[in-house]
Peer 1: 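Next up is a structure, given as structure tokens.
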There are 2 protein chains.
Amino acid sequence: MNQRLTPRKQPRQKRSQETCAIILEAAARILESDGLGGLTTNRVAEIAGVSVGSLYQYFPSKEAILAEMIRGLRRSLLLDCEAAVETVRGRPLSDAVDVMVRASLRHHLVRPGLARVLERAEEELPLEEDLKAIKGELMTLVTGVLEERDVANAGQAAFDLIALSHGLASAAIAGGETDLENLFQRLRRAALGYLGLQSDRTGSDAGGVSAA
Amino acid sequence: MNQRLTPRKQPRQKRSQETCAIILEAAARILESDGLGGLTTNRVAEIAGVSVGSLYQYFPSKEAILAEMIRGLRRSLLLDCEAAVETVRGRPLSDAVDVMVRASLRHHLVRPGLARVLERAEEELPLEEDLKAIKGELMTLVTGVLEERDVANAGQAAFDLIALSHGLASAAIAGGETDLENLFQRLRRAALGYLGLQSDRTGSDAGGVSAA
DNA sequence: TTATAATGTGAGCTTTTACTCGCATCACGC
DNA sequence: GCGTGATGCGAGTAAAAGCTCACATTATAA
């Protein structure tokens with residue numbers, strides 16, 4: 001009953017590695033155009049230009065394809081955030097918030113439709129250990145950043161900041177917003193506000209929200 | 001090709017109204033235990049103790065069942081929020097934020113699993129006009145509350161507050177949190193922080209987050 | 001009671017879809 | 001060249017799921 005979500009076999013030759021990549025890209029395009037409901041193994045194979053047999057050589061189930069895509073997405077987010085944090089070693093909290101918010105925002109903006117669908121898919125899949133581990137690493141990363149800046153309750157703050165940023169970014173991008181800078185300012189305001197820091201630049205045009 | 005998501009016919013007698021309710025409740029239970037993937041028309045009918053034929057008499061498709069459940073959920077949230085806003089007529093912004101946050105939190109806590117699944121379903125369904133209207137009314141309500149309290153950019157602030165509250169509440173409840181009061185304090189902090197107001201009560205035990 | 005409309009039934013039709021398997025083709029070491 | 005394992009193929013299978021329809025039962029009104 002329990003189906004594996006990991007690849008059936010590792011591709012050994014270049015040819016087969018390309019086949020895997022082509023299959024994943026085809027699945028991505030289908031998800032972007034038709035959503036989760038449009039994703040069928042036959043169709044993925046067709047769009048990819050390979051046979052179903054080849055597909056099942058590397059992915060033991062439809063869910064395995066989704067799981068692999070989600071792994072890739074999560075890994076890239078984690079790497080981006082780690083790199084971003086590196087650039088603000090020793091700098092104050094607001095700078096750290098800035099780069100992390102920017103990193104996660106960039107991440108939402110590459111193939112936004114795909115990211116959304118994969119997040120939904122992730123909730124329906126029985127999430128795997130390695131995926132939980134990646135999520136945990138992100139939490140750890142953010143918690144560390146906050147702890148180093150003497151934020152109390154860093155673990156909970158990390159959780160909350162990730163969740164609220166995610167909620168705001170998702171909603172905005174789903175709503176078709178494209179003004180990256182405006183969205184960034186709002187995310188920044190929310191995050192700094194939660195942390196009890198006043199967002200600066202309140203004098204500028206994109207400025208204050210509260211009472212005039 | 002386009003399938004209707006509205007009930008096929010209105011139930012005229014008491015008996016059939018009960019049948020409708022029983023069907024919706026059965027669907028809810030299935031969603032809670034097995035998620036979207038477990039929802040099949042045959043199974044809904046079986047759990048409800050009615051025949052598939054009866055089901056299709058009132059719901060022209062599986063999606064129509066989901067749409068009806070979503071409508072119910074949204075309507076109840078809107079009504080709760082409207083009632084909450086009524087109670088703080090003429091009171092300051094922080095009080096208004098309080099009651100609205102509490103209302104939406106309560107709303108997440110009744111059958112939390114069901115609410116989550118329905119939200120996912122809503123994204124996959126081609127969302128209907130009447131659902132968009134309900135969402136719009138909520139936006140209008142919150143925008144009005146903010147405008148009356150002289151919040152600049154009230155429309156955008158309403159959007160952002162709804163989105164970030166939703167993100168935080170969803171994540172927390174999905175993570176199994178049950179301490180309603182603690183969660184409320186964090187939501188409140190996030191919302192007031194975004195609005196540029198300091199969260200008071202910073203002296204208490206659940207208090208300040210920023211640097212010690 | 002009886003006519004009529006509303007409601008309820010469930011076997012089964014139809015379509016879709018995940019997945020298999022026997023065979024063909026290709027790459028690479030000898 | 002040639003043998004062996006890796007890769008690729010796609011018609012076909014079996015199961016699942018959405019939905020219909022001819023018929024049975026129940027309620028309402030005359």
Side-chain angles (χ1 to χ4, degrees), chain A residues 1-27 30-31 33-69 121 124-126, chain B residues 1-27 30-31 33-69 121 124-126:
Chain A
M1 208 45 106
N2 275 335
Q3 49 194 344
R4 9 184 338 195
L5 300 180
T6 44
R8 174 165 296 182
K9 67 161 67 163
Q10 288 305 84
R12 322 232 151 183
Q13 301 176 0
K14 224 178 208 172
R15 184 169 49 135
S16 55
Q17 283 168 12
E18 274 164 24
T19 301
C20 274
I22 287 171
I23 289 170
L24 290 173
E25 176 55 32
I30 292 171
L31 288 180
S33 62
D34 298 332
L36 263 179
L39 193 80
T40 73
T41 51
N42 287 325
R43 205 145 115 71
V44 171
E46 186 195 338
I47 302 283
V50 303
S51 72
V52 253
S54 294
L55 187 155
Y56 276 95
Q57 197 125 57
Y58 303 104
F59 301 96
S61 68
K62 188 174 82 162
E63 284 71 30
I65 302 177
L66 282 168
E68 189 59 32
M69 300 176 80
E124 316 217 23
L125 256 46
Chain B
M1 208 48 106
N2 274 337
Q3 50 194 345
R4 7 181 345 193
L5 299 180
T6 45
R8 174 165 295 180
K9 66 161 68 163
Q10 288 306 87
R12 322 231 151 185
Q13 301 177 358
K14 226 177 208 171
R15 183 169 51 136
S16 55
Q17 283 168 13
E18 275 164 23
T19 301
C20 274
I22 287 171
I23 289 170
L24 290 173
E25 176 56 30
I30 291 170
L31 287 179
S33 60
D34 298 333
L36 263 179
L39 193 79
T40 72
T41 50
N42 287 323
R43 205 144 114 70
V44 171
E46 187 194 337
I47 301 285
V50 303
S51 72
V52 252
S54 294
L55 187 154
Y56 277 95
Q57 195 124 59
Y58 302 104
F59 302 96
S61 67
K62 188 175 81 162
E63 285 70 30
I65 302 177
L66 282 168
E68 190 59 32
M69 299 176 80
E124 316 217 26
L125 256 46

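Throughout, protein chains are lettered first and strands after them, A, B, ... in sequence-line order, and every chain is numbered starting at 1. In what follows, every heavy atom counts, from backbone to side chain, and hydrogens, waters and symmetry copies are set aside.
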Peer 1: From CD1 of A/I30 over to P of C/dA18, roughly how many Å is that when rounded to an integer?
Peer 2: 10 Å
Peer 1: Between atom SG of B/C20 and atom CD of B/E25, what is the distance when rounded to the nearest 0.5 Å?
Peer 2: 13.5 Å
Peer 1: Rounded to whole angstrom units, what separation is found between the CZ atom of B/R43 and the P atom of D/dG18?
Peer 2: 11 Å
Peer 1: Does some side-chain heavy atom of B/L31 sit less than 4.5 Å from a side-chain heavy atom of B/M69?
Peer 2: yes
Peer 1: Can you tell me the distance, in whole Å, between the CZ atom of A/F59 and the P atom of C/dT20?
Peer 2: 15 Å
Peer 1: Any N/O pairs under 3.5 Å between the protein and nucleotides 8-14 of chain C? List them or say none.
Peer 2:
from   : atom 1 : to    : atom 2 : distance (Å)
C/dG8  : OP1    : B/T19 : OG1    : 2.6
C/dG8  : OP2    : B/Y58 : OH     : 3.2
C/dG8  : N7     : B/Q57 : OE1    : 3.3
C/dT9  : OP2    : B/S51 : N      : 3.1
C/dT9  : OP2    : B/S54 : OG     : 3.3
C/dG10 : O6     : B/G53 : N      : 3.4

Peer 1: Whole angstroms only, please: what is the CG-P distance between B/L36 and D/dA16?
Peer 2: 19 Å
Peer 1: In whole angstrom, give the distance that lies between atom CG of B/L39 and atom C1' of D/dA16.
Peer 2: 14 Å
Peer 1: Side chains of B/I65 and B/L55, heavy atoms from C-beta outward: is any pair under 4.5 Å?
Peer 2: yes
Peer 1: Could you give the CD-to-C1' distance, from B/E18 to C/dA6, as a whole number of Å?
Peer 2: 15 Å
Peer 1: Taking only side-chain nitrogens and oxygens of A/T40, does any of them come within less than 4.0 Å of OP1 or OP2 of C/dT17?
Peer 2: no
Peer 1: Measure OH/A/Y56 against P/C/dC19 and give the value in whole Å, please.
Peer 2: 4 Å
Peer 1: Compile the donor-acceptor pairs under 3.5 Å between side chains in residues 35-48 of chain B and protein atoms, sequence neighbours left out, one pair per line.
Peer 2:
from  : atom 1 : to    : atom 2 : distance (Å)
B/T40 : OG1    : B/R43 : N      : 3.1
B/T41 : OG1    : B/Y56 : OH     : 3.3
B/R43 : NH2    : B/D34 : OD2    : 2.2

